[in-house]
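To keep things clear, I will list the structure first and then write my remarks on it.
In this chain, residues are counted from 1 in sequence order.
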Amino acid sequence: MIKLFARETKGYRLASILSPLLILVEVLMEVQIPLTMATMVDEGIIGGAGMPFILNAGLKMICMATISLLSGAGAARFAAKAGMGFGANIREAVFGKIQDFSFANIDKFSTPSLITRMTTDVNTVQMAYTMIIRIFVRAPLMFAMAFYYSIKINSRLALIFAVAAPIIVAFVIFMGTLAMPRFKRMLSKVDALNSSVQENLIGMRVIKAFVRATHEKEKFKISNDDLKNASIAAEKLLIIANPFMQLAVYCCIIAVLWFGGKLVIGGTMETGELTAFITYVNQILMSLMMISMIFVMAVMSRASLMRVVEVLKETPEISDADADPSLKVENGDIDMENVCFKYKKTGKKNVINNINLHIKSGETIGIIGGTGSAKTTLVQMIPRLYDVTEGVVKVGGRPVSDYTLKNLRDSVAMVLQVNLLFSGTIEDNLRWGNPDATTEEIENACKVAQAHEFITSFPDGYQTDLGQGGVNLSGGQKQRLCIARALLKSPKVLILDDSTSAVDTATDAKIREGFKRRHGDITTIIVAQRISSVEHADKIIVLDDGEINAVGTHEELLGTNEIYTEVYKSQQEGSVA
């Protein structure tokens, strides 16, 4: 773990080193001031050494205070720079790691949890790092040096610390041990709250359409109250530490004044020495308080640290480890040989079971089946969004694992069920398919996807700003833009996963006609609920509970396959009605 985070200090290691060095200078100067002050009182004022001696001692104190101040300011600046840089590096590392995750990895953590880890958890770790290179260096150093000088002044009086320090340290460790599981529970409640907020913001239109705002407020209140209660449970243990530390400070000061005063009256200790000793008492006890703060921060950050480490150490289930970087997809042939799949390796039942399939390059294949028949899961294994549990998937005659993910996915374009667009203009979104596409290529792709007409109807045309997620477009318009974006990749294989469900049948037919006329060499796989979307396909695959129930043309399946015929009749009756 130390090596893992040491790597993220790159670019800020000098600042991380300079801060403790400046703190060393600051402490060295600060602990000299009480001794100088004691000498000035005992020799200059009480001893009668005269004004020149007092002025000289005072000047020394001013110089030491100035050096200490400047060193402390410099240490704070470098610590802040190192901490912010460290946090930025960790966020970048976590985000980069997430980009390498497969769907299975993301499913394991959940999106709200990943957001919390990249924000709340990273901020906590960043604060802890800043404290480590400042307070963690300053507090022990100040404690050790102040304790040394207090012994030097009066070793018997210094025994007070020998009694107080172990009690304070034991108490802080005890409180921290109790608080750790509570902070873990608190962070899990933060995940739950983020999940609630994310779900509400994404589904705001549905909430308003069903007038469920009151219900959602109540749900949010439950999540919010859970987080509040978990936070109070975690923090209240640590809150006790501060009054206890204050009590320990005052008890030590009272003891020093009591016993020290007796020593001064008895003539075995000078007044200036007692004054200096009290200053060292404050420095020692403040150091202990800072150490307790570090321990508290360590308890808080440890839970966050482990959550960040979980992401950084997670091994992506899909990688290029065995791939040949020079290998390109030659054609759109697709083969599935004894393919089985389950989302969790420990699962008892396969989601997809014993699929054997051969699709020739340039064919148009329809996939139909009831809800939960694993249509989407089946096609997601072609671009390796998921990896098979058993068997092999081949594209262009080679197993998909032989290609790098970039080379494979550049050749396999997929329009997912969720039509996701990003903030920016229509053209910006389309260029995700091909950043170097010409204006003519963009317009041609949009014409095939039946999107050009509605785009040009906007005042700004292709420069129309979509807003986040394309909020100012209809569902059908989003689908057509996503299809155009996929076509701009010039793929060998095009997968349309229920991606014309929001367009009317006439537009659906025009899109299919455009594919056939301009992209006849692309292997096209259409996952659909409507028979009309797949009836002209070269082959139609009927899936049932993760297995192939039948394969054939529309005419072959109609009347011979019970599932296909039943779906067809129900849709025909619905259209007539």
Side-chain angles (χ1 to χ4, degrees), residues 102-103 318 320 322-324 327-341 350-369 373-417 433 483 486-487 489-500 512 515-516 518-528 533-544 546-554 556-557:
S102 67
F103 280 14
I318 297 173
D320 294 336
D322 301 320
D324 180 358
L327 189 64
K328 306 287 185 182
V329 178
E330 296 295 332
N331 56 61
D333 283 347
I334 298 172
D335 295 284
M336 293 189 177
E337 300 172 1
N338 302 315
V339 168
C340 298
F341 174 78
N350 289 329
V351 177
I352 289 174
N353 193 44
N354 198 33
I355 297 290
N356 286 282
L357 195 61
H358 175 65
I359 300 171
K360 293 180 181 177
S361 184
E363 282 188 322
T364 298
I365 304 298
I367 300 179
I368 202 162
S373 59
K375 303 184 296 295
T376 295
T377 304
L378 181 67
V379 296
Q380 284 180 341
M381 289 188 289
I382 297 171
R384 289 191 79 193
L385 298 179
Y386 286 105
D387 254 345
V388 298
T389 306
E390 296 177 35
V392 62
V393 176
K394 295 180 179 179
V395 174
R398 299 290 295 268
V400 290
S401 58
D402 287 356
Y403 303 103
T404 62
L405 292 174
K406 183 180 186 308
N407 289 345
L408 175 65
R409 291 173 184 171
D410 276 346
S411 300
V412 179
M414 188 169 186
V415 183
L416 300 168
Q417 282 180 320
I483 292 170
L487 289 174
K489 291 180 71 174
S490 300
K492 298 288 193 300
V493 178
L494 176 64
I495 301 170
L496 303 174
D497 186 3
D498 205 17
S499 53
T500 56
R512 284 186 279 105
F515 285 159
K516 189 177 294 184
R518 298 196 186 187
H519 301 280
D521 57 333
I522 296 177
T523 302
T524 306
I525 300 175
I526 304 171
V527 178
S533 297
V534 298
E535 64 181 337
H536 300 293
D538 297 315
K539 281 191 294 191
I540 300 169
I541 300 166
V542 181
L543 281 183
D544 182 33
E547 297 183 353
I548 294 178
N549 182 270
V551 179
T553 63
H554 173 71
E556 291 170 348
L557 294 172

Could you report the tightest heavy-atom contact between [X] and [Y], atom names first, then the distance?
X	Y	answer
Asn350	Cys340	ND2-CB, 3.8 Å
Gly332	Thr523	O-OG1, 2.8 Å
Val329	Ser411	CB-OG, 3.5 Å
Asp333	Ser361	OD1-N, 2.7 Å
Val400	Arg384	CG2-CG, 3.5 Å
Gly366	Ala537	N-CB, 3.7 Å

Output the distance between atom [atom1] ([X]) and atom [atom2] ([Y]), rounded to the nearest 0.5 Å.
X	Y	atom1	atom2	answer
Ile367	Ser533	CD1	OG	13.0 Å
Leu385	Leu405	CG	CG	9.5 Å
Asp335	Arg398	CG	CZ	13.0 Å
Asp402	Asp320	CG	CG	11.5 Å
Ile368	Asp544	CD1	CG	12.5 Å
Ile352	Asn354	CD1	CG	11.5 Å

Please step through side-chain contact (heavy atoms from CB on, under 4.5 Å) for the pair Asp387 and Met381, ending with a clear verdict. CA-CA 6 Å; Asp387 254 345; Met381 289 188 289; over 6 Å; no
Exercise for review: Could you list the residues that satisfy side chain to side chain contact (heavy atoms under 4.5 Å, CB included) with Val351, not counting sequence neighbours?
Suggested key: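 By the side chain to side chain contact (heavy atoms under 4.5 Å, CB included) rule, Val351 matches Phe341, Tyr343, Ala374, Thr377.
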Practice problem: For Lys539, check side chain to side chain contact (heavy atoms under 4.5 Å, CB included) against everything at least two apart and list the hits. | Solution: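 Side chain to side chain contact (heavy atoms under 4.5 Å, CB included) check on Lys539 returns Glu363, Ile365, Val551.
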For [Y], is there any backbone N or O sitting under 3.5 Å from a side-chain donor or acceptor partner on [X]?
X	Y	result
Asn407	Leu327	yes
Tyr403	Val395	yes
Asn356	Asn338	yes

Run the side-chain contact (heavy atoms from CB on, under 4.5 Å) check on Glu337 and Val339 step by step: do they pass? CA-CA 5 Å; Glu337 300 172 1; Val339 168; 5.7 Å; no
Are [X] and [Y] close enough that some pair of their side-chain heavy atoms sits under 4.5 Å apart?
X	Y	answer
Ile522	Lys492	no
Asp322	Ser401	no
Leu357	Ile548	yes
Lys394	Met336	no
Leu378	Ile355	yes

Practice problem: Would you please name every residue forming a side-chain hydrogen bond (donor to acceptor under 3.5 Å, both in side chains) with Arg409, sequence neighbours left out? | Solution: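 Not a single residue meets the side-chain hydrogen bond (donor to acceptor under 3.5 Å, both in side chains) criterion with Arg409.
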Note to self: For Met414 and Val379: C-alpha separation, side-chain torsions, deciding distance, then whether side-chain contact (heavy atoms from CB on, under 4.5 Å) applies.
What the structure shows: CA-CA 9 Å; Met414 188 169 186; Val379 296; 3.6 Å; yes
(message) Is it the case that the side chains of Asp497 and Thr376 hold a donor-acceptor pair, with the cut-off being a distance below 3.5 Å and no angle test?
(response)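 The criterion, which ignores hydrogens and geometry beyond distance, is satisfied for Asp497 and Thr376.
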Checklist line | Partner of Ile495 under side-chain contact (heavy atoms from CB on, under 4.5 Å), chosen from Thr524, Ile382, Ile526 | finding: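 Only one of Thr524, Ile382, Ile526 forms a side-chain contact (heavy atoms from CB on, under 4.5 Å) with Ile495, namely Ile382.
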